Amino acid sequence: MSDSTSSSPQELSPRIRAALSRLPAYVPGKPASAPEGLTAYKLSSNENPYAPLPSVLEAVREAAGSVNRYPDMAVTELTNALAETLGVPAECIATGTGSVGVLGQIIQSTCDVDDEVVFAWRSFEAYPIVTTIAGAVPVTVPLDAEHRHDLDAMAEAITDRTRVILVCTPNNPTGTVVHDAELRAFLARVPGDILVVIDEAYLEFVTDPDAPDALAIWREFPNVMVLRTFSKAYGLAGLRVGYAVAHPEIAAALRKTAVPFGVNSLAQVAAVRSLEAVDELEERVAELVKERGRIADGLRDQGWELSDSQANFVWFDLGEQSSEFSAECEQVGLMVRQYGRDGVRVTVGEPEANERVLEVAQRWRDTH
């Protein structure tokens with residue numbers, strides 16, 4: 001530069017997008033740790049406490065010998081397996097690195113800067129993150145008094161800038177589901193050019209007969225898509241594979257915005273084998289649902305008022321006492337997930353861990 005008053009290259013720094021200053025941080029679950037003499041349990045990340053099914057592990061071991069090769073970028077085998085399992089055309093399937101990865105593809109495919117994404121709050125904490133990263137605007141709508149989606153209020157929040165609505169059912173972190181009739185009534189109020197995402201990360205744990213049949217709704221509404229994952233019930237959280245069922249034009253857009261080769265070869269093999277082992281999977285899910293019921297019944301017997309969780313966790317609506325309760329759990333080797341001053345989410349874990357949750361909760365009730 002000829003101007004002696006100009007900054008030298010060494011005095012400059014790379015420019016970072018201003019949107020990142022508004023980006024909330026994703027808070028991962030704390031790793032397990034415990035005082036000497038106690039077993040630690042990580043109940044903070046909604047992980048499946050069971051190892052992957054033996055047949056899945058064996059398939060992964062066999063596939064590990066070929067990780068020097070790139071995976072199939074089209075994720076063909078898994079796409080076809082999902083299409084057959086779900087009874088949908090393969091062109092309606094899009095995959096990604098967990099449902100979070102697919103969620104990012106959704107926002108990138110639909111939102112320009114300053115477009116709006118509507119979702120309940122609290123809900124999945126990645127929603128405001130992926131929205132903000134894309135330059136779009138998160139529009140949060142408070143849950144109702146029962147910690148459920150207030151679909152009427154969400155409909156009222158729609159503007160001419162709304163591009164996507166996210167419906168998390170069961171809702172993370174409260175565990176509540178929307179019901180079929182109310183979801184259909186809500187969709188009747190949503191303009192057809194707004195994409196409605198039914199996020200079913202915890203679908204397999206649902207027993208409520210009034211919960212929606214999301215695939216049936218997807219078939220009826222051209223602006224609806226369904227988002228699912230292999231991380232929770234299938235126990236493949238570490239492999240990062242999720243998928244969407246969407247109408248062909250939307251599914252094609254999701255594939256365009258996917259990270260090339262994002263779903264690795266081991267994840268693809270494990271997911272396909274998991275779909276084939278549905279009977280074994282259902283047995284494990286049934287055990288977790290049984291444990292969820294045991295925990296919920298025990299907590300209600302102690303006097304706790306709980307939302308009706310249909311996921312693999314329970315929600316403690318503790319407000320300002322959330323930090324104190326979390327600390328008391330940590331003192332006895334239970335890592336739980338605190339959500340600021342809103343509450344605490346506790347994953348259904350091994351029976352021994354669940355028993356300790358009930359013990360801590362009883363002591364809390366006795367002393368508060």
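FYI, side chains are in, hydrogens and waters are out, and symmetry mates aren't considered; it's all heavy atoms of this structure. Treat the numbers as computed from the prediction; the structure is a model and nothing was measured.
Checking N172 against R345 by side-chain atom types alone, a donor-acceptor pair falls below 3.5 Å. Of the N and O atoms on the side chains of S265 and R69, not one donor lies less than 3.5 Å from an acceptor on the other residue. A donor-acceptor contact closer than 3.5 angstrom is absent between the side chains of H147 and D308. No side-chain donor from either of T176 and E146 sits under 3.5 Å from a side-chain acceptor of the other. Side chain to side chain, H368 and E324 meet the donor-acceptor criterion of an N or O pair below 3.5 Å. Q362 and D366 share a side-chain donor-acceptor pair at under 3.5 Å.
Remark: of the listed residues S123, S307, S309, S123 is the sole one forming a side chain to side chain donor-acceptor pair (under 3.5 Å) with N171. Of the listed residues (V130, V117, T132), just one forms a side-chain contact (heavy atoms from CB on, under 4.5 Å) with P138, and that residue is T132.
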Discussion item. The test is side chain to side chain contact (heavy atoms under 4.5 Å, CB included); show your working for Q108 and L254 and say whether it passes.
Written reply: CA-CA 8 Å; Q108 292 168 21; L254 299 184; over 6 Å; no

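Counting heavy-atom neighbours within 6.0 Å of E84 CD, excluding the residue itself, gives a total of 12 or less. Within a 6.0 Å sphere centred on CD of E77, other residues, nucleotides and ligands contribute 12 heavy atoms or fewer. Heavy atoms from other residues, nucleotides or ligands lying under 6.0 Å from CD of E249 number 12 at most.
With respect to R228 and D199, no salt bridge is recorded, no charged nitrogen being found less than 4.0 Å from a carboxylate O. By the 4.0 Å N-to-carboxylate-O rule, R255 lies too far from E91 to be salt-bridged with it. In this structure, K290 does not pair ionically with E287, as no charged nitrogen and carboxylate oxygen lie closer than 4.0 Å. One finds no salt bridge joining K232 and E204 here, because no Lys/Arg side-chain nitrogen approaches an Asp/Glu carboxylate oxygen to under 4.0 Å. Taking the charged nitrogens against the carboxylate oxygens, R294 and E355 do have a contact shorter than 4.0 Å, which makes a salt bridge.
In summary, the aromatic rings of F313 and Y202 are positioned with their centroids under 6.0 Å apart. Taking the six-membered ring wherever Trp is involved, the centroid distance between the rings of Y127 and W121 does not fall below 6.0 Å.
The cationic group of R184 does not satisfy the cation-pi geometry with F186, failing either the under 6.0 Å distance to the six-membered ring centre or the 45° limit from the ring axis.
Q310 places a side-chain N or O within donor-acceptor distance of the main-chain N or O of T207, the cut-off being under 3.5 Å.
Note on ring orientation: taking the six-membered ring where Trp is involved, the planes of W304 and F316 are perpendicular (angle over 60°, cut-offs 30° and 60°).
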